[in-house]
Protein chains: 2
Amino acid sequence: MSRSAAAPARRTPVYDRIMEAAVDLFAEKGFDATSVAEIVERAAVTKGALYHYFASKDDLLFEIYHRLIGAQLSDLDRITSLGLPPDETLRALIADLIASTTGNLREAAVFGRESHKLDAAHSSAVRADRRRYHDAVRTLVERAQQDGTFARTAPAETVTLIIFGMINQMPKWYRPDGPKAPAELATELADFVLAGLRP
Amino acid sequence: MSRSAAAPARRTPVYDRIMEAAVDLFAEKGFDATSVAEIVERAAVTKGALYHYFASKDDLLFEIYHRLIGAQLSDLDRITSLGLPPDETLRALIADLIASTTGNLREAAVFGRESHKLDAAHSSAVRADRRRYHDAVRTLVERAQQDGTFARTAPAETVTLIIFGMINQMPKWYRPDGPKAPAELATELADFVLAGLRP
DNA sequence: GACCCGAGACCGACCAGTCGGTATCGCCGG
DNA sequence: CCGGCGATACCGACTGGTCGGTCTCGGGTC
């Protein structure tokens, strides 16, 4: 416990291989069902190497979330800063979220399934990040409803829940070799949501 | 192995207490993180009693799914047999699914999180049941789109994914002591979906 | 020759499931 | 109405094995 507070976390080939193996296995069998021995075996390293880079097995899990959410949040900032009208912003956010989810399917699957395994400190950090994205979408819809751009078909909060609902479930059914490309799905979801919001 | 093939499964107070404890713990900490010792402790029974009623820890998990899905499927049959017009049928299905999800929140949470832990036989049984509900909704939307009752804003499959997306995510955010009653949420979701489908 | 990366044997805790056993009850012949 | 017998309900110590994490040490690099 007192030996290393947070571990190096520098990106090296060994670090990357461990991460890769962990994401694979967590996505495939779940966090608890995956042993550290399996991770090091698939990564072709030893326990010593793993515990050199990561403080614990849980730390590995947190790093996976952190990477995924970090990328999504920087996309959010990029998109909102473009100053597009609400419908185009919403479309862009949906497209980005779907691209990010399908492009990081394993990470998204692990996140959806195991997010409650984080300890209190990490958990609240992750929740705060998630909430930032959620609130951004809700506020966007809310404001557009206030100025009449969007209809008040349903409360902004519910619309947000519908959007994230579909996206967050994607790891459960989406397959890269399936019939529809992510961009198609994004267009369909955006079309449907904007149709429901049309004044 | 040869001693008991499937166990009695009769409902007794002991059986019910074990089920209750297992659902609680699986929902709270996850299936793998819950030990059989914890279940029997919370249920105030012994290991012997648990293995008298259930073939294995996995069997407990399957029974939880089975109960939930069984109830939902019989609701599905009841509703479709009423012969209501598509919009009212869809509204009734959404309301029922939301009522069932919020009324069995822990079971729904366990299902959403741990459904991949089932072995091949149980897993395909559960998947088939789930698909039956999914297909019923998709077919309903599809037919109504063909005869012009619903608009072709998005493919029926995508609309179905949107509906189940929000509902299946509910265990992640819905709290019984929250501001909105299940019936309200059902109305809002149905209003939004039907608005998007209006010709 | 100091330092960091990585190796892998090792530890105590814990786990799912087993098994030999006891207690309780319904039923049936006399 | 009774005695006994088979079946069901339940008990809990025990086992073989796995787990996350630690620790000591080798070897390459500056």
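Reminder, nothing fancy here: chain letters follow the sequence lines and each chain counts from 1.
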Please list residues of residues 26-40 of chain B whose heavy atoms come under 4.0 Å from any atom in DNA chain C, ordered by number; otherwise none. T34(B), S35(B), V36(B)

List the residues meeting salt bridge (charged side-chain N to carboxylate O under 4.0 Å, His left out) with D119(B), not counting sequence neighbours, and say none if there are none. none

Rounded to whole Å, the CD-P distance (E41(B) to dG12(D)) equals 14 Å

Check whether any side-chain heavy atom of P171(A) lies under 4.5 Å from a side-chain heavy atom of F111(A), and answer yes or no. no

Want to settle it: does K57(B) or G48(B) sit nearer the 5' end of DNA chain C, counting the closest nucleotide to each? K57(B)

Salt bridge (charged side-chain N to carboxylate O under 4.0 Å, His left out) partners of E38(B), counting only residues at least two apart: K29(B)

Partner set under salt bridge (charged side-chain N to carboxylate O under 4.0 Å, His left out) for E114(A), not counting sequence neighbours: K117(A)

Please, which pairs that meet salt bridge (charged side-chain N to carboxylate O under 4.0 Å, His left out) have at least one residue in residues 148-176 of chain B, sequence neighbours excluded? R138(B)-E157(B)

What contact category does K47(A) fall into here, base, sugar-phosphate, or nothing, at under 4.0 angstrom with non-hydrogen atoms? base

Please state how far atom CG in L25(A) lies from atom P in dG20(D), giving the value in whole angstrom units. 12 Å

Where the side chain of D58(A) is concerned, which of dC10(D), dG6(C), dG21(D) is the nearest nucleotide? dG21(D)

Can a side chain N or O of H52(B) be found less than 4.0 Å away from OP1 or OP2 on dC10(D)? no

Are L97(A) and W173(A) joined in one hydrophobic group, where the rule is that I, L, V, M, F, W and Y side chains link up if heavy atoms are under 4.5 Å apart? yes

Separation of dA9(D) atom C1' from I18(B) atom CD1, nearest Å, is 11 Å

My understanding is that only residues two or more places apart in sequence, or in another chain, count here; which of them pass salt bridge (charged side-chain N to carboxylate O under 4.0 Å, His left out) with D58(B)? none

Length of the line joining L50(B):CG and dC10(D):C1', which is rounded to integer Å: 12 Å

Nearest whole angstrom, please: distance from the C1' of dC5(C) to the CZ of R17(A). 13 Å

Under 4.0 Å: is that the gap between some side-chain N or O of Y53(A) and OP1 or OP2 of dG6(C)? yes

Nearest whole angstrom, please: distance from the P of dC11(C) to the OH of Y51(A). 18 Å

Residue T46(B), side-chain atoms from C-beta onward, closest of dA7(C), dG17(C), dC11(D): dC11(D)

